[in-house]
Amino acid sequence: MGYINAVEVHNVVKSYNVGFQKIDVLKNISFSVKKGEFLSIMGASGCGKSTLLYLIGGLDQATKGTIILNGKNLNKLKENEQSAMRRREVGFVFQFYNLVPNLTIEENILLPLLIDGKSYRKNKSKLNNILKIIQMEDKKNRYPNELSGGQQQRVAIARALLFEPEIILADEPTGNLDSKTGSEIMRLFKSINKDFNKTIIQVTHSEEAASYGTDILRIKDGEIESKKSNFKTG
Ligand SMILES: Nc1ncnc2c1ncn2[C@@H]1O[C@H](COP(=O)(O)OP(=O)(O)O)[C@@H](O)[C@H]1O
Ligand SMILES: [Mg+2]
């Protein structure tokens, strides 16, 4: 369709009531993410990065303002449309992988299908493709606790790719990994961004991880400090 921005954030405010106090976590945030962009969101711990990412993914609602995802205003979607969008148009990757321990790698990757009530068998070919992308064809019958952290994160990325979403949202995806493994995961994201033309938004507090992005957004005290193209990106 005729939109060029994967994500538009317009004047978003997010406040929490804690006791009798109202805390403005995000004060008045506006920016857009073009299709095919790989945006790194940076900022000190507690500045609202995860909050912003969850608002974009429709996992939480803004106090004020508008978020447009793939041309659709999240505020205007009905509840069932919102949840369908979360399942099919966005892929989530988290810091601690969030794999199900008693399911195999293959079952973990296919889990979104089960949740969506889709046939498991019809999607076997998709599974094989995805296993190739994450280079784990030989591990599909293993369980998460038999894998390293980096391998578990690859599985989480595979699961996020299953519905071929246009947008991948990742919250500190290398936050729990050593720097060498972190770089491997970043290179995987980079190739998913370039070779499959996916829009990626990652939250990170590592300058090294952020440098894989095409753009860097910095948040400070609930406001945008800057959003710049990253010319160093490879
Ligand atoms: N459900 C909540 N209720 C109250 N305060 C919250 C809630 N969620 C997050 N916060 C507060 O919002 C701020 C931003 O949190 P978060 O988005 O997780 O920060 P970051 O990801 O940048 O570390 C923090 O001060 C946090 O304590
Ligand atoms: Mg966070």
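When a ligand or atom number is given, it counts from 1 through the structure's own listing order.
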Undergrad: Can we say Glu37 and Lys227 salt-bridge, meaning some charged N sits less than 4.0 Å from an Asp/Glu carboxylate O?
TA: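 Result for this pair is yes, salt bridge flagged.
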Undergrad: Between Glu208 and Arg187, is there a salt bridge with N-O shorter than 4.0 Å?
TA: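 Judged by the 4.0 Å cut-off on N to carboxylate O distance, Arg187 and Glu208 do not form a salt bridge.
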Undergrad: Which atoms of the protein, restricted to N, O or S, are nearer than 2.8 Å to the Mg ion (ligand 2)?
TA: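 Hits for the Mg ion (ligand 2) below 2.8 Å: Ser50 OG.
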Undergrad: Taking only heavy atoms of the protein into account, state which residues are under 4.0 angstrom from an atom of ligand 1, in chain and number order.
TA: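 For ligand 1, the contacting residues are Tyr16, Val18, Val25, Ala44, Ser45, Gly46, Cys47, Gly48, Lys49, Ser50, Thr51.
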Undergrad: Does Lys14 pair with Asp60 as a salt bridge, N-O distance under 4.0 Å?
TA: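 Looking at Lys14 and Asp60, the cut-off is met.
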Undergrad: Strictly by modelled atom types, are Thr214 and Asn230 linked by a side-chain donor-acceptor pair under 3.5 Å?
TA: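 Result is no, nothing qualifies.
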Undergrad: Around His205, counting heavy atoms of other residues, nucleotides and ligands shown, do more than 12 lie under 6.0 Å from its NE2?
TA: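 Atom NE2 in His205 is not packed in, count stays at 12 or less.
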Undergrad: Run the side-chain hydrogen bond (donor to acceptor under 3.5 Å, both in side chains) test on Asn128 and Ser125 for me, step by step, so that the C-alpha distance in whole Å, both residues' side-chain angles and the decisive distance to 0.1 Å come before the verdict.
TA: CA-CA 5 Å; Asn128 291 331; Ser125 65; over 6 Å; no
Undergrad: Do Lys139 and Glu146 sit within salt-bridge range, that is, some charged N less than 4.0 Å from a carboxylate O?
TA: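 No.
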Undergrad: Between Ser50 and Asp171, is there a side-chain donor-acceptor contact under 3.5 Å, judged purely by atom types and distance?
TA: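 Note: Asp171 and Ser50 side chains meet the donor-acceptor criterion.
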Undergrad: Check whether Asn176 reaches the backbone of Gly149 with its side chain - one donor and one acceptor, N or O, closer than 3.5 Å.
TA: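 No, because the side chain of Asn176 does not come within donor-acceptor range (under 3.5 Å) of the backbone of Gly149.
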